[in-house]
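Letters go in sequence order (proteins before strands), and every chain restarts at 1. Hydrogens, waters and symmetry mates are skipped; everything else that's a heavy atom, side chains included, is used.
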Amino acid sequence: MRNHEVAWVFQRIADLLEIKGAPSYKVRAYRRAAHSILALPRPVEDYHAEGRLTEIPGVGKALAGKIDEILASGTCRLLKELEEEVPPGLLEMLEVPGVGAKTAALVYRQLGITDLDGLERAARDHRLRTLPGMGGKKESNILHGIALVRRRPDRLPLGVARSLAESIREALVRSGLAERVEIAGSLRRWRETVGDIDLVAASPHPEQLVEVFTALPICEEVIEKGPTRARIRCRPVGQVDLRVVSGDEFPCALLYLTGSKEHNLRLRSLAQRKGLKLNEYGLFRGGERLAIACEADVYEALGLQWIPPELREDAGEIEAALRGELPRLIELDDIKGDLHVHTTWTDGTADILEMAGAAAELGYSYLAICDHSKSLTVAVGLDEKRLLEQKAAVERYRKRSTEPYLLAGVEVDILADGTLDLEESVLAGLDVVCASVHRAFRQSREDMTARLLRALRSPVVRVLGHPTGRLLGTRESCDIDLEAVMEAAAAEGKILEVNASPERLDLNDAGIRMAKAKGCLLAINTDAHGPAGLRDMRYGVGIARRAGVTPDMVINTWPLDRLLAYLRSAANT
DNA sequence: GCCGTTTTCGGCCCGACTGTTTTCAGTCG
Ligand SMILES: Nc1nc2c(ncn2[C@H]2C[C@H](O)[C@@H](COP(=O)(O)OP(=O)(O)OP(=O)(O)O)O2)c(=O)[nH]1
Ligand SMILES: [Mg+2]
Ligand SMILES: [Mg+2]
Ligand SMILES: [Zn+2]
């Protein structure tokens, strides 16, 4: 799959063209094509082979030719020419907040500066302020910006961003100045990482609310502040945008700030074509403001079904909504149980009884106890004897209490050679066996793929736990031929886990999309190590929704009898 | 450079904030 490669070339061409001063529509054409290619459900090579490149939105004859060139040679002539003309070092300057294509071009043409270091020296030496439209403030802002870029402020993981966003939301609500405050942006779209936190508020006193916002104790720096919008940097991490509008304007402001940018663009051009104007204040025909009470009213006026935020990426959802063919996405309420939790038998913080109680509070009808196996010594994993004891304990609980139904399971380690950490004869007696990799992550693609395939071939294994092994921001995904693993899983009726723990989110949205295309079944599990962890389910559901997952594909939306029947029958084949 | 349920040519989303400027360009959301 070379979609990233092709998109990267187009993105780079767009940036270089922009610095060169090419017409903005041309620049946008390359950006649009790059986005479309990233959003493709299949490899761009397939479209190429089928002669269907121009079916990709934003790809016409010229860009199809360039894709052909890139696939053949890894690059294209236009890119090479641009790199001769425009020093590629200028591109790193675009990372600096407040520095765009015009500034990069200016410092290059007038001062001969070709990279970030050169820009920094020029700012230090006060040479920037000699340029037209530049002054002392911009000079120091650029120095500040360069220092920030050098610190490499990463995108925040979803879980960290959620709790930060909630706490700021609470503070704004407590001020009493806001009628409503909602989380928008990529966080509302449940992206696994977010560049910033976007909040939108309805208030009769926008300026006062902005004051409260910028005076929050968590605020380290006010980046920008106006009458309706402010942006702050938080300690220790994170940037937060707040947009304030009136109550009437709120639905359109929420729609605007939820994005994505590309989705907004599509909505606004649809509106245009209908003789309407859509902005963050409302939907207008001529000077007249149409009555809009909620987001759905806007979509309806544009001839669309309401589109769930998780799908708003301009990745085909507009076309589906036009045809009225949006999927009925899975919801938290569809989840009937959790099939992967730990207890004090290994490294959990709560015993079986407490976890069952917590599951009951969530209204679950089943819960699978899946503790670690013996080779995971840091977690005091269970050996065969202890596992049998735990199974007996689970069965004792089941006699006493009917809801939730407890499944006796295990999260058995997949050893380096793909064999399992526990005797198959013992595993065979369990209700559900989840197999996961916890060590030897750095194997070659070949070895790792063979390892997972071997584990999946074991008749006792039902679920592949956190399939790629990635930890958000900490550990890269293992090198795996996921397609091969998924094909095997689909063929043998094995289930792929969507691990909902916010540090994992594994499979992620792209992985789930692939699994869906291969026809795999999924289980969305929290991997909870205590009662609070069970609430992470929402993260997994959010990621699954981004991939367009419907309830039937997820086995823990099934009623207990169907689930047990499936686990038993599959185990016997 | 792409594209069309008004168009195969003439459009291409729309607005806030900052710094620099006496009226707006650049950048960003
Ligand atoms: N109409 C329009 N809306 C935009 C544009 N840029 C951004 N927005 C809207 C949609 C975005 O989701 C929203 C918030 O902007 P952000 O830069 O924070 O992006 P977003 O939250 O989607 O992703 P992030 O994870 O923060 O990088 O503002 C634009 O150029 N036009
Ligand atoms: Mg954002
Ligand atoms: Mg933002
Ligand atoms: Zn695990």
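Note on residues 533-545 of chain A: pairs passing salt bridge (charged side-chain N to carboxylate O under 4.0 Å, His left out), not counting sequence neighbours, are A/Glu310-A/Arg538, A/Glu310-A/Arg545.
Across every strand in view, B/dT8 sits unpaired, with no contact that passes the Watson-Crick or G-U test at under 3.5 angstrom.
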Using a cutoff of under 3.5 Å, can you pull out all pairs of nitrogen or oxygen atoms linking the protein to nucleotides 1-3 of chain B, with atom names and distances?
{"unit_1": "B/dC2", "atom_1": "OP1", "unit_2": "A/Gly60", "atom_2": "N", "d": "2.6"}
{"unit_1": "B/dC2", "atom_1": "OP1", "unit_2": "A/Gly60", "atom_2": "O", "d": "3.4"}
{"unit_1": "B/dC2", "atom_1": "OP1", "unit_2": "A/Leu63", "atom_2": "N", "d": "3.1"}
{"unit_1": "B/dC3", "atom_1": "OP1", "unit_2": "A/Gly58", "atom_2": "N", "d": "2.8"}

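Under the 6.0 Å distance and 45° angle rule, A/Arg2 does not count as a cation-pi partner of A/Trp8.
Spacing between B/dT20 and B/dG26 at atom P, rounded to whole Å, works out to 14 Å. Separation of the P atoms belonging to B/dT21 and B/dT27 is 16 Å when rounded to the nearest angstrom. As rounded to the nearest Å, B/dC13 and B/dG29 have C1' atoms that lie 12 Å from one another. For the P atoms, the distance linking B/dC12 with B/dT5 amounts to 15 Å, nearest Å. Across B/dC3 and B/dC17, the matching P atoms stand 35 Å from one another, rounded to whole Å. To the nearest whole angstrom, the two C1' atoms, one in B/dT23 and one in B/dT18, are 15 Å apart.
Residue A/Thr228 has a polar side-chain atom (N or O) positioned under 4.0 Å from OP1 or OP2 of B/dC17. For the pair A/Arg28 and B/dC13, the criterion of a side-chain N or O lying under 4.0 Å from OP1 or OP2 is met. In this structure, A/Gln272 does not reach the B/dG11 phosphate: none of its side-chain N or O atoms is under 4.0 Å from OP1 or OP2. The phosphate of B/dG19 (OP1 or OP2) has a side-chain N or O of A/Asn141 nearer than 4.0 angstrom.
In this model, a side-chain donor or acceptor of A/Arg268 finds a partner on the base of B/dC14 within 3.5 Å.
Under 4.0 Å is where a charged nitrogen must lie from a carboxylate oxygen, and between A/Asp248 and A/Arg289 no such pair does. Checked for salt-bridge contact, A/Arg150 and A/Glu120 meet the test: a charged N lies under 4.0 Å from a carboxylate O.
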Can you list, pair by pair, the side-chain donor-acceptor contacts under 3.5 Å of residues 171-181 of chain A, counting residues two or more places apart and other chains?
{"unit_1": "A/Ser175", "atom_1": "OG", "unit_2": "A/Leu172", "atom_2": "O", "d": "2.6"}
{"unit_1": "A/Ser175", "atom_1": "OG", "unit_2": "A/Leu177", "atom_2": "N", "d": "3.1"}
{"unit_1": "A/Arg180", "atom_1": "NH2", "unit_2": "A/Glu182", "atom_2": "OE2", "d": "3.4"}

Using atom types as modelled, flag every donor-acceptor pair under 3.5 Å from a side chain in residues 275-285 of chain A to any protein atom, sequence neighbours excluded.
{"unit_1": "A/Asn279", "atom_1": "OD1", "unit_2": "A/Tyr281", "atom_2": "N", "d": "2.8"}
{"unit_1": "A/Asn279", "atom_1": "OD1", "unit_2": "A/Gly282", "atom_2": "N", "d": "3.1"}
{"unit_1": "A/Glu280", "atom_1": "OE2", "unit_2": "A/Arg243", "atom_2": "NH1", "d": "3.0"}
{"unit_1": "A/Glu280", "atom_1": "OE2", "unit_2": "A/Arg243", "atom_2": "NH2", "d": "3.3"}
{"unit_1": "A/Tyr281", "atom_1": "OH", "unit_2": "A/Arg243", "atom_2": "NH2", "d": "2.9"}

Under 3.5 Å donor-acceptor pairs involving side-chain atoms of residues 87-95 of chain A, not counting sequence neighbours:
{"unit_1": "A/Glu92", "atom_1": "OE2", "unit_2": "A/Leu116", "atom_2": "N", "d": "3.1"}

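A/Glu262 has its CD atom 12 Å from the P atom of B/dC13, to the nearest Å. Rounded to whole angstrom, the span from the CD atom of A/Glu249 across to the P atom of B/dC14 amounts to 17 Å. What separates CD1 of A/Ile223 from C1' of B/dG29 is a distance of 12 Å, to the nearest Å. Here the P atom of nucleotide B/dT18 and the CZ atom of A/Arg231 are 12 Å apart, to the nearest Å.
Listed by residue number, the members of residues 94-116 of chain A with any heavy atom below 4.0 angstrom from DNA chain B are A/Val96, A/Pro97, A/Gly98, A/Val99, A/Gly100, A/Ala101, A/Lys102, A/Thr103. For the segment residues 274-292 of chain A, the set of residues with a heavy atom within less than 4.0 Å of an atom of DNA chain B comprises A/Lys277, A/Leu278, A/Asn279, A/Glu280, A/Tyr281, in numerical order. Less than 4.0 Å separates DNA chain B from at least one heavy atom of each of the following residues of residues 118-133 of chain A: A/Gly133. Sorted by residue number, the list of members of residues 301-324 of chain A with any non-hydrogen atom under 4.0 Å from DNA chain B is empty.
Taking A/Asp509 as the reference, A/Glu192, A/Arg513, A/Ile543, A/Arg546 meet the side-chain contact (heavy atoms from CB on, under 4.5 Å) condition, with sequence neighbours excluded. For A/Tyr256, the ring pair (Phe, Tyr, Trp, His ring centres under 6.0 Å) criterion is met by no residue, not counting sequence neighbours. The side-chain contact (heavy atoms from CB on, under 4.5 Å) test applied to A/Glu503 returns A/Ser501, not counting sequence neighbours.
Position along DNA chain B of the nearest nucleotide to A/Gln239 versus A/Glu224 favours A/Glu224 as the more 5'-ward residue.
Of the candidates B/dG29, B/dA16, B/dG19, the closest approach to any side-chain atom of A/Asp241 belongs to B/dG29.
A side-chain donor-acceptor contact under 3.5 Å links A/Arg155 and A/Thr193.
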